[in-house]
Amino acid sequence: MMFLFTILLSLLFVNPKDLSDDLLQSGDCIVNVPAGKPTRRYIRKWVLILSCLSGGIMCACLALCMYLQCKGIVDANVAMLPTTFMMLSGFICSIYLEIRAYRDFDSYKPFI
């Protein structure tokens, strides 16, 4: 389920259709990729590749923790420590980016 959620959420947050339309409207393009549907397919392909890689790494870490816990090799609290660190790093990273965006927005001075 985590693997599928990772892919679905990445496609939701990085919408290839909107991104390719924005590139087309602004006059930008990806080098060696024609504008329009080929750009959309290119973006979708890379979003899927990177989200599958990310989901695979996350699932491998969780599976290793569950294996160590089920076999009794490591205590349950210690086995779930990497999962806790992954969740905390996600929260801290998003909070940091929000604070940075808020600070950058406040640093703009009005022109008039």
Side-chain angles (χ1 to χ4, degrees):
M1 284 180 52
M2 287 291 277
F3 186 77
L4 291 176
F5 283 144
T6 302
I7 294 171
L8 290 175
L9 286 176
S10 64
L11 285 173
L12 179 70
F13 289 129
V14 182
N15 191 347
K17 182 182 184 311
D18 292 341
L19 194 55
S20 65
D21 290 343
D22 290 343
L23 283 172
L24 188 62
Q25 287 177 356
S26 67
D28 290 335
C29 67
I30 299 173
V31 177
N32 296 329
V33 179
K37 285 187 180 183
T39 301
R40 188 178 308 150
R41 283 192 297 263
Y42 181 81
I43 293 171
R44 185 178 298 126
K45 177 183 83 167
W46 279 105
V47 167
L48 285 173
I49 288 171
L50 293 175
S51 63
C52 286
L53 180 68
S54 173
I57 291 171
M58 186 170 44
C59 287
C61 289
L62 292 174
L64 177 66
C65 294
M66 287 175 53
Y67 175 77
L68 292 175
Q69 180 183 355
C70 288
K71 289 294 184 180
I73 299 171
V74 178
D75 186 39
N77 293 330
V78 177
M80 295 314 289
L81 198 58
T83 307
T84 306
F85 281 137
M86 283 193 308
M87 290 189 325
L88 279 175
S89 64
F91 290 140
I92 290 171
C93 184
S94 62
I95 289 171
Y96 168 74
L97 291 174
E98 287 292 326
I99 290 171
R100 197 171 107 192
Y102 185 72
R103 188 180 311 149
D104 290 345
F105 181 72
D106 281 346
S107 68
Y108 288 111
K109 305 284 185 216
F111 293 113
I112 299 175

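- For Asn32, the CG atom sits in a loose shell: 12 or fewer heavy atoms of surrounding residues, nucleotides or ligands are nearer than 6.0 Å.
- Using a 4.5 Å cut-off between side-chain heavy atoms of Ile, Leu, Val, Met, Phe, Trp and Tyr, with links allowed through other members, Met66 and Phe5 fall into different hydrophobic clusters.
- Membership of the apolar cluster around Leu68 extends to Leu64, Tyr67, Ile73, Val74, Val78, as traced through chained side-chain contacts below 4.5 Å between ILVMFWY residues.
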Using a 3.5 Å cut-off and no angle test, enumerate the donor-acceptor pairs between side-chain atoms of residues 7-24 and protein atoms at least two apart in sequence or in another chain.
unit_1: Ser10; atom_1: OG; unit_2: Thr6; atom_2: O; d: 3.2
unit_1: Ser10; atom_1: OG; unit_2: Ile7; atom_2: O; d: 2.8
unit_1: Ser10; atom_1: OG; unit_2: Ser51; atom_2: OG; d: 3.4
unit_1: Asn15; atom_1: OD1; unit_2: Lys17; atom_2: N; d: 3.3
unit_1: Asn15; atom_1: ND2; unit_2: Asp18; atom_2: OD2; d: 3.1
unit_1: Lys17; atom_1: NZ; unit_2: Asp21; atom_2: OD2; d: 3.3
unit_1: Ser20; atom_1: OG; unit_2: Pro16; atom_2: O; d: 3.1
unit_1: Ser20; atom_1: OG; unit_2: Lys17; atom_2: O; d: 3.0

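- Note on Ile95 and Leu97: separate hydrophobic clusters, where clusters join Ile, Leu, Val, Met, Phe, Trp and Tyr whose side-chain heavy atoms are under 4.5 Å apart, directly or indirectly.
- Within the 4.5 Å cutoff, no side-chain heavy atoms of Val33 are placed close to those of Ile43.
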Please list every donor-acceptor pair under 3.5 Å in which a side-chain atom of residues 84-94 meets a protein atom from a residue at least two apart or in another chain.
unit_1: Thr84; atom_1: OG1; unit_2: Met80; atom_2: O; d: 3.0
unit_1: Ser89; atom_1: OG; unit_2: Phe85; atom_2: O; d: 3.1
unit_1: Ser89; atom_1: OG; unit_2: Met86; atom_2: O; d: 2.9
unit_1: Ser94; atom_1: OG; unit_2: Gly90; atom_2: O; d: 3.2
unit_1: Ser94; atom_1: OG; unit_2: Phe91; atom_2: O; d: 3.0

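- Put simply, Ile30 and Trp46 are part of the same group of oily side chains (I, L, V, M, F, W, Y) that touch within less than 4.5 Å, one to the next.
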